[in-house]
Amino acid sequence: MNLECSNGSFYIRKDTMTIFVQGTVNGKKYKRSTKKKVSSEAMAKAWIKKNNHKAMDTLLDILGIDKDSDSKTVSFEDFGYRYLNATRGKRNKHTQEDYLRIFRISIVPYFNNFSWSDFDSLTLSEFYNHIREQYSYDRSKRTKNIINNILETAYDEELIKRNIVRMKTIRDHSYEPDAPNTEAYEVSEVKKMLEESEGWMKVFMELALKYGLRVGELMGLKWSDFDLERGFFKINRNITKGEIVESVNIKTNKNHLREIFMFPETIHLLKSFKNFRMSDEWIFVSKDGKPFLNSKTITDYHFKPTLEKIGVPYRTVHAMRRSYISIMTQSEQIDKKEIQKVVGHAEGSRITDKHYNLDCLNDAQKQNKAKEHGKVFNALLAIA
DNA sequence: GGTCACCCTCTTAATTTGGC
DNA sequence: GCCAAATTAAGAGGGTGACC
């Protein structure tokens, strides 16, 4: 790690008749008092002429930077930002912003006065605990990953002598997960939503509930994605946080690009909706004829009011996707691979069970299911 | 109604770990 | 050495509040 210094020089401040030194260190300009008083300008000029070659050394002394020691040349804060910026290529814009925010808000203040030699495994462990007291499991883990990556890179760059992240205390550390907090709409609620909603909300709910689309996928639907004669549509893009991204350009762990065949009643609904369409291009548009850019708009001004009207408690828009998958996985007749194909999970993914096998049946439905199980069981007994 | 910024949480594929 | 579970790393959804 090189120390970059330039333009070191002395100058006099006439108001206090004190000699100051200025210069640039690692791209940052500094002006510091040498605390040397002079009685006249002429005297100051003579002193400066004699000592000017030492200006940068003087400045480094005042700043407390040892130019012979690599370890003090880059601060933890500067190095952290450099690391996050240098590795930004593998993240999307929003993730990168989030990482920078976590570093700025949670990590930098805690290690504010640290030099590299102050880091050890116990301090780091203590930091993990400190974070967990304020944040969820998820955010704590994210914060931990960020600081670990920075410290490991600092070790690779020989800024710190020991690889703290690989030490026992750190390797053994893990957070206790929060209880999952995910809900789905119950079958009776789903039925109500499909039957009692009106206008474009009916189409929105139909597509969300019967095909498990994500909010961003719904907002990005265009009429050209649908082939109503052949009965299918394609998910060609996603809209998140104000940005429209075509599926082919998405380098993501969410599989957007896929083709979905529709039930006959959905085709019928879409055909009649097309006659009253608000835009020739987009399926769902705000009042100015443009697609919704933020799911929050739909949630607050359209989705929540619709639910209130039909008497269904709000459980987020995404809960419609959960409901779809949960209902479908209740049926043994439907191959899980088929469900995964429709919702865009990877084939064989355990996610389908882990996050979506939620309890969405009422007692009568459960009793019915048990009855079906009983039939199969007894049929097998009869063969034996 | 609508966007946007900020912050936090949930979802998901890929990779690593560890138990047998 | 295999396979399932745990971890990692990232994308996306959601709540709040300011502003237009």
Side-chain angles (χ1 to χ4, degrees), chain A residues 84 87-106 131-132 134-150 152 165-166 170-184 208 212-220 235 237-245 247 249-258 284-305 314-322 324-326 340 343-358:
Chain A
L84 290 171
T87 54
R88 70 182 182 279
K90 54 186 180 181
R91 291 169 214 119
N92 97 346
K93 203 180 117 203
H94 305 295
T95 308
Q96 175 70 3
E97 284 169 3
D98 199 34
Y99 277 32
L100 289 171
R101 189 158 47 233
I102 289 172
F103 185 64
R104 176 168 52 82
I105 292 168
S106 300
I131 288 297
R132 189 66 178 93
Q134 309 172 47
Y135 293 111
S136 72
Y137 171 66
D138 180 90
R139 196 130 194 97
S140 301
K141 265 201 321 183
R142 200 171 273 221
T143 309
K144 178 178 163 181
N145 291 344
I146 293 170
I147 189 163
N148 284 4
N149 285 332
I150 291 172
E152 272 212 282
V165 177
R166 292 284 141 196
I170 302 303
R171 274 187 287 119
D172 289 352
H173 179 274
S174 66
Y175 288 123
E176 195 66 34
D178 296 329
N181 184 27
T182 51
E183 282 186 296
L213 268 63
R214 301 179 176 100
V215 179
E217 293 171 343
L218 285 162
M219 297 196 300
I235 296 181
R237 68 198 67 70
N238 186 56
I239 302 181
T240 317
K241 294 177 165 51
E243 277 176 292
I244 305 170
V245 187
S247 298
N249 297 328
I250 297 176
K251 39 172 188 179
T252 170
N253 64 1
K254 304 279 193 284
N255 176 13
H256 291 292
L257 186 60
R258 58 191 193 272
F284 304 112
V285 289
S286 63
K287 61 176 181 183
D288 58 3
K290 290 179 189 158
F292 290 98
L293 295 177
N294 292 284
S295 60
K296 179 177 169 23
T297 307
I298 293 182
T299 307
D300 283 358
Y301 300 104
H302 305 282
F303 187 66
K304 278 182 185 170
Y314 170 69
R315 308 183 207 278
T316 77
V317 174
H318 198 86
M320 289 196 285
R321 177 175 166 85
R322 290 195 203 107
Y324 166 80
I325 301 175
S326 300
Q340 292 176 329
V343 298
H345 285 172
E347 195 176 308
S349 169
R350 284 169 297 111
I351 298 302
T352 316
D353 278 333
K354 189 178 168 191
H355 285 290
Y356 291 100
N357 202 357
L358 300 166

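Letters go in sequence order (proteins before strands), and every chain restarts at 1.
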With heavy atoms under 4.0 Å as the rule, sort [X] into base, sugar-phosphate or nothing.
| X | answer |
| --- | --- |
| Arg315(A) | nothing |
| Phe303(A) | nothing |
| Ile105(A) | sugar-phosphate |
| Thr316(A) | sugar-phosphate |

Would you say [X] reaches [N]'s phosphate, i.e. side-chain N/O to OP1/OP2 under 4.0 Å?
| X | N | value |
| --- | --- | --- |
| Tyr137(A) | dT9(B) | no |
| Tyr314(A) | dG15(C) | yes |
| Tyr99(A) | dA10(C) | yes |
| Arg139(A) | dC8(B) | yes |
| Asn238(A) | dA12(C) | yes |

Roughly how many Å is it from [atom1] in [X] to [atom2] in [N], rounded to a whole number?
| X | N | atom1 | atom2 | result |
| --- | --- | --- | --- | --- |
| Ile102(A) | dG11(C) | CD1 | P | 13 Å |
| Arg321(A) | dT11(B) | CZ | P | 10 Å |
| Ile131(A) | dC7(B) | CD1 | P | 14 Å |
| Arg237(A) | dA12(C) | CZ | C1' | 18 Å |
| Arg101(A) | dC7(B) | CZ | P | 5 Å |
| Asn145(A) | dA9(C) | CG | P | 5 Å |
| Leu213(A) | dA12(C) | CG | P | 14 Å |
| Arg214(A) | dC10(B) | CZ | P | 17 Å |

>> Whether Asp98(A) and Arg101(A) form a salt bridge (side-chain N of Lys/Arg under 4.0 Å from carboxylate O of Asp/Glu) is what I want to check.
In response: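 Counted as a salt bridge, because a side-chain N and a carboxylate O are separated by less than 4.0 Å.
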If you take all heavy atoms of [X] and [Y], which pair is closest and at what distance?
| X | Y | result |
| --- | --- | --- |
| Leu293(A) | Ile239(A) | O-CG2, 3.7 Å |
| Met320(A) | Phe303(A) | CE-CE1, 3.5 Å |
| Arg237(A) | Gly220(A) | NH1-O, 2.6 Å |

>> If we check side-chain contact (heavy atoms from CB on, under 4.5 Å) with Ser295(A), which of these qualifies: Val317(A), Val215(A), Thr240(A)?
In response: Val215(A)
> When rounded to the nearest 0.5 angstrom, what is the spacing between OG1 in Thr143(A) and CD1 in Ile147(A)?
Replying inline: 9.5 Å
> What distance do Arg142(A) atom CZ and Tyr135(A) atom OH have between them, rounded to the nearest 0.5 Å?
Replying inline: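 OH of Tyr135(A) is found 13.0 Å from CZ of Arg142(A).
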> Taking N and O atoms by type only, does the side chain of Arg142(A) place a donor or acceptor under 3.5 Å from a partner on the base of dA9(C)?
Replying inline: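 When only heavy-atom distances are counted, Arg142(A) does not reach the base of dA9(C) through any donor-acceptor pair under 3.5 Å.
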Identify each atom pair where a protein N or O and an N or O of nucleotides 2-5 of chain B are less than 3.5 Å apart, giving names and distance.
from, atom 1, to, atom 2, distance (Å)
dG2(B), OP1, Lys287(A), N, 3.0
dG2(B), OP2, His302(A), NE2, 2.8
dG2(B), N7, Tyr301(A), OH, 3.2
dT3(B), OP2, Thr297(A), OG1, 2.7

> How do Val215(A) and Asn149(A) order along DNA chain C: which one's closest nucleotide is nearer the 5' end?
Replying inline: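 Upstream on the strand: Asn149(A).
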> Would you find a donor on one side and an acceptor on the other, under 3.5 Å apart, between the side chain of Glu217(A) and the backbone of Gly212(A)?
Replying inline: no
